[in-house]
Structures are given as C-alpha cells and as structure tokens.
There are 2 protein chains.
Amino acid sequence: MPKTKQFDENEVLMKAKELFSEKGYNGTSMDDLVQATGLSRSSIYDTFGDKHGLFLKSLNHYRNSQQGDMEKQCAKTDSPKKKIRSIFDYTIKNILSDKDRKGCLLINVSMELSAVDKEVAAVSLSNMEDMEQIFGSLVKEGQSKGEISKKFTPKALGRYLYSSLIGLRVTGMNRPDIDTLREIVKLALSILDVE
Amino acid sequence: MPKTKQFDENEVLMKAKELFSEKGYNGTSMDDLVQATGLSRSSIYDTFGDKHGLFLKSLNHYRNSQQGDMEKQCAKTDSPKKKIRSIFDYTIKNILSDKDRKGCLLINVSMELSAVDKEVAAVSLSNMEDMEQIFGSLVKEGQSKGEISKKFTPKALGRYLYSSLIGLRVTGMNRPDIDTLREIVKLALSILDVE
DNA sequence: GTAATTTTGGAACAAAGATTCCAAATACAC
DNA sequence: GTGTATTTGGAATCTTTGTTCCAAAATTAC
C-alpha cells in the first residue's frame with residue numbers, strides 16, 4: 001500500500017556531508033540542503049526529524065564510510081607497518097583530491113561544535129578512540145613481527161599516530177602541497193623504525 | 001571636542017574571542033556579542049564595521065597575543081630544544097585550563113570557515129607559516145649546538161613540529177587528559193633526540 | 001481501476017538573524 | 001558654562017532561518 005521512498009538515503013547523507021563539510025553546521029541552511037539533495041522540506045523532516053538529526057546521521061554515515069575506506073586500504077598488504085603507512089598515504093590522497101578544501105567532516109564539526117554540542121563531542125571522541133585502538137593493534141602486531149621499534153608501547157604509539165594524522169589533515173587543509181605533506185608523514189612515521 | 005571611547009578595544013576583542021571560540025563564527029550572534037561585551041550595537045558597528053570585521057580583528061588579536069605568550073615561554077630558557085618543549089608544555093597547560101573546551105580560535109575557525117572564507121584561510125596559513133619558521137629556526141640552532149639530531153632538515157622538522165602541535169591541540173580538545181597528552185608530546189619530540 | 005497510505009511540493013509561519021537609524025547622553029575644548 | 005563632536009542605547013527594519021502544515025501526487029495491494 002505505501003508509496004515507497006523516492007530517494008536513496010545514503011546519497012542524501014553523502015550530499016549533506018558535502019555541504020556540512022564545506023560550510024559548517026551553522027553555515028548550512030535548510031535551503032542549501034533542499035537544493036543540494038533535490039528533495040523537499042517535508043521529505044527531509046519526515047525522514048530525519050530536523051536539521052540536527054540529519055546532521056548527526058550524516059556525521060555517523062561519514063564516520064562509517066571512512067572506516068570502511070581505511071579497512072580497504074589496509075587489506076592491500078599484510079605488513080602492519082605498511083598498513084599504517086597506507087592510512088597516512090590515503091589521507092594525503094584525500095586531501096589533494098579535495099579541490100574545494102572542504103576537509104574532514106569529523107574534524108571540522110568537532111572544532112566548530114565540540115564546546116556547545118555534546119553529541120558531536122561524543123562522536124568525535126568515540127571515533128578518536130576507535131582510531132587509536134586500530135593504530136595500537138597494528139603497532140602491537142608490527143612490534144611482534146619485528147617491523148616496528150619496541151621503544152614505545154602500542155597504546156602510546158596508537159595515540160601518537162592518530163594525533164599525527166589529525167595534524168596532517170589540518171596542515172593539508174591549510175596548504176595542500178603533496179611534497180611537504182609527504183615529508184611530514186615521513187618524519188611522523190620515522191618513530192616506528194627499528195633502527 | 002570628541003567624546004572618547006568608553007571601552008577598551010582589547011578587552012572587547014578578547015571577549016569576542018571567547019565567544020567565537022566557544023560557539024564558532026556562525027554560532028555566535030550579534031546579540032551574544034552585545035551581551036558579552038556590554039557595549040551597544042551602535043558602538044560595535046561604529047568601531048568594527050560589522051560582525052565579520054569584529055571577527056577578523058578578534059582573530060588577529062588572538063594570533064598576536066598567542067605569539068607573544070609563546071615568546072615569553074621561550075625566553076625562560078636558552079636551550080632551543082627546551083624552548084620547543086616549552087611551547088608544547090604551554091599548549092598542554094592551555095588545554096587543561098580551558099574548562100569549557102573552547103579550544104583554539106585559530107584552529108576552530110580555520111576548520112569551520114576555511115572553505116568559504118578566504119580571509120580566514122589566509123590568516124590561518126600565514127600563522128602556520130610563521131610557526132613553522134619559528135620551529136625551524138629553533139631546530140637549526142639546536143642542531144648547531146648539538147642538542148637536536150641532524151637526521152632531518154630544520155625546515156622539515158619545523159613543519160612536522162607544527163603539525164604535531166595542531167594534532168595535540170585537537171586531541172586535547174577531544175580528551176583533555178594530562179597523562180596521555182604528555183605522552184603524545186614525549187613521542188612527538190623524541191624525533192629531536194640525538195641518540 | 002480503485003482504495004488506501006505515504007510521500008511530496010510549496011506556501012505559510014514564527015523566531016532569530018544582522019544591520020540601520022536617530023534622538024539622547026556624554027565628554028572635551030574654549 | 002557653552003558649544004560641538006562623538007558615542008551610546010534601543011527601537012525599528014528587513015532578511016534569513018528552521019519548522020509546520022496541507023492539499024495534491026504517487027505507488028502498492030486487491
């Protein structure tokens with residue numbers, strides 16, 4: 001009986017992500033969203049509740065897709081150390097292909113809203129902990145294989161690596177230059193070398 | 001003949017900075033600014049032109065004050081390596097004393113607005129280049145004194161260090177925990193050690 | 001084809017936004 | 001004290017914002 005939805009929710013979330021990344025949460029109007037997604041106000045409100053609901057769904061959708069991309073990158077090699085490097089390389093690739101300098105939604109809105117939007121702060125923290133854990137596991141594996149220096153603990157290196165990745169993202173947004181970004185990664189990852 | 005200004009422009013810029021840091025540029029209303037600064041709409045518009053003008057002045061004022069603070073920190077020691085460490089330590093101190101997690105205005109608005117506000121992007125880039133230069137000079141000096149490893153060039157290390165500092169700031173905003181922040185700094189600066 | 005149910009487009013609304021404007025208040029110079 | 005130039009407070013304005021609402025359109029099941 002029911003008329004089925006005339007749009008793909010994933011596509012809408014991706015387009016919303018583009019807008020929120022570019023203009024920020026408060027800089028994006030409902031009108032922008034209506035125009036970019038092509039669907040009407042009623043449909044948006046009916047499906048996502050309100051602007052904030054759409055935003056949160058879009059944020060989580062982005063988080064998941066990013067995590068998926070990362071796993072794909074990592075699957076290309078068996079070496080834990082190379083997996084780590086591939087995450088950094090992939091990030092550089094993303095920065096350089098981002099012609100409008102929209103940046104990373106998670107980082108952008110975390111900076112814009114963390115102080116006033118506890119839900120966003122929670123998503124951002126949770127994502128950070130995930131990433132630290134992933135890096136930490138890779139380091140642990142790499143250390144036991146002898147690929148990675150044992151000078152520091154996996155936990156400490158996990159946190160350090162994600163902090164470095166964020167630094168890279170922000171630096172790349174300010175100055176998307178491939179050579180300097182690669183050099184920063186080279187230095188940041190030199191800590192892993194086993195002499 | 002003229003009636004003199006009834007307020008201190010610096011104070012107003014600092015209070016505006018607080019607001020913009022906490023709520024972001026688009027999240028801060030003119031009403032917020034009127035209430036927080038205590039002065040009237042007319043005075044604000046007369047002095048700063050408009051909201052964006054006040055914002056840019058506030059941003060540059062913050063940038064200068066931060067640079068001043070940093071120089072003060074550095075003046076406490078003669079060792080270039082210790083100067084670098086003091087900048088990181090000072091940043092941790094700032095993060096931890098920032099109870100509302102307002103973060104750093106420069107980083108926040110760079111993430112919120114870079115894509116749509118070229119003036120902000122320019123300030124952010126210029127600040128980054130300054131910082132990289134400062135770090136680079138300190139590294140160069142430290143290398144010639146034998147305090148810092150010569151494995152990488154001052155320029156490369158300058159860029160790496162500022163990228164790390166940003167990573168620290170963002171990580172600290174997500175999770176203001178002194179122990180993990182200190183550990184991240186320890187790892188980030190280990191690259192400077194001369195074995 | 002018809003009925004039932006849901007989506008959809010767009011008008012309508014109320015709240016909040018930035019900005020303008022002017023009369024009143026103020027402080028300096030003489 | 002008087003005059004002048006400037007600041008100041010707050011009302012007023014006009015735009016944009018998020019949200020609601022309802023009639024029309026669309027799709028499925030029978």
Side-chain angles (χ1 to χ4, degrees), chain A residues 1-59 105 108-109 112-113 115-120, chain B residues 1-59 105 108-109 112-113 115-120:
Chain A
M1 320 143 175
K3 178 180 175 188
T4 55
K5 281 238 158 66
Q6 297 294 293
F7 57 89
D8 178 6
E9 195 170 310
N10 279 352
E11 268 185 43
V12 171
L13 291 177
M14 279 180 55
K15 285 185 179 158
K17 174 223 125 194
E18 299 287 316
L19 272 181
F20 286 129
S21 298
E22 186 183 349
K23 307 176 140 199
Y25 174 71
N26 282 314
T28 302
S29 71
M30 221 54 196
D31 226 59
D32 293 335
L33 290 163
V34 166
Q35 289 205 354
T37 61
L39 42 95
S40 71
R41 285 176 156 66
S42 347
S43 303
I44 295 181
Y45 278 91
D46 202 60
T47 312
F48 304 104
D50 57 9
K51 183 186 175 189
H52 197 254
L54 167 56
F55 170 65
L56 280 181
K57 265 218 165 176
S58 167
L59 185 62
L105 182 63
N108 292 6
V109 301
E112 182 190 352
L113 302 173
V116 289
D117 188 327
K118 291 307 153 200
E119 290 184 273
V120 170
Chain B
M1 322 143 173
K3 178 179 174 186
T4 54
K5 282 239 158 63
Q6 295 296 291
F7 57 88
D8 178 6
E9 196 171 310
N10 280 351
E11 267 184 45
V12 171
L13 291 177
M14 279 178 55
K15 283 184 181 159
K17 174 223 126 193
E18 299 288 316
L19 273 180
F20 286 128
S21 298
E22 184 183 351
K23 307 176 141 197
Y25 174 69
N26 282 313
T28 303
S29 72
M30 220 55 196
D31 228 59
D32 293 335
L33 291 163
V34 166
Q35 289 205 353
T37 62
L39 43 94
S40 71
R41 284 173 160 65
S42 347
S43 301
I44 294 182
Y45 278 92
D46 201 60
T47 311
F48 303 103
D50 57 8
K51 184 186 173 187
H52 197 254
L54 167 58
F55 169 65
L56 280 181
K57 265 219 165 176
S58 165
L59 185 62
L105 181 63
N108 292 5
V109 302
E112 181 191 351
L113 301 174
V116 289
D117 189 328
K118 291 308 155 200
E119 291 184 271
V120 170

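Given the structure is predicted, the values throughout are model-derived calculations rather than measurements. In what follows, every chain begins at residue 1, and chains take the letters A, B, ... in the order their sequences are listed.
- Taking every heavy atom of both residues into account, B:Ser21 and B:Leu105 meet most closely at OG-CB, 3.4 Å.
- Residue B:Met30 comes nearest to B:Lys51 through the heavy atom pair SD-CB, 3.8 Å, listed as atom of the first residue, atom of the second, then distance.
- Atom CG in B:Asp50 sits roughly 15 Å away from atom C1' in D:dT15 (whole-Å rounding).
- By the 4.5 Å heavy-atom criterion applied to side chains, B:Asp50 and B:Ile44 are not counted as neighbours.
- Residue pairs meeting the ring pair (Phe, Tyr, Trp, His ring centres under 6.0 Å) criterion with at least one partner in residues 16-39 of chain B, sequence neighbours excluded, are B:Phe20-B:Tyr25, B:Phe20-B:Phe55, B:Tyr25-B:His52, B:Tyr25-B:Phe55.
- Of all the residues in residues 11-32 of chain B, not one reaches under 4.0 Å from DNA chain D with any non-hydrogen atom.
- Taken residue by residue, residues 37-49 of chain B places heavy atoms nearer than 4.0 Å to DNA chain D at B:Ser40, B:Arg41, B:Ser42, B:Ser43, B:Asp46.
- Considering CZ of A:Phe48 and OG of A:Ser43, their distance stands at 9.5 Å, rounded to 0.5 Å.
- To the nearest 0.5 Å, atoms CG (A:Leu19) and NZ (A:Lys17) are separated by 10.5 Å.
- A donor-acceptor pair under 3.5 Å is formed between the side chain of A:Glu112 and the backbone N or O of A:Asn26.
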Exercise for the section: Take A:Phe7 and A:Thr37 through the side-chain contact (heavy atoms from CB on, under 4.5 Å) test and state the conclusion after the steps. Expected result: CA-CA 9 Å; A:Phe7 57 89; A:Thr37 61; over 6 Å; no
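- At whole-Å resolution of the value, CZ in B:Phe55 and C1' in C:dA18 are 16 Å apart.
- A straight line from NZ of B:Lys51 to C1' of C:dT20 spans 17 Å, rounded to a whole angstrom.
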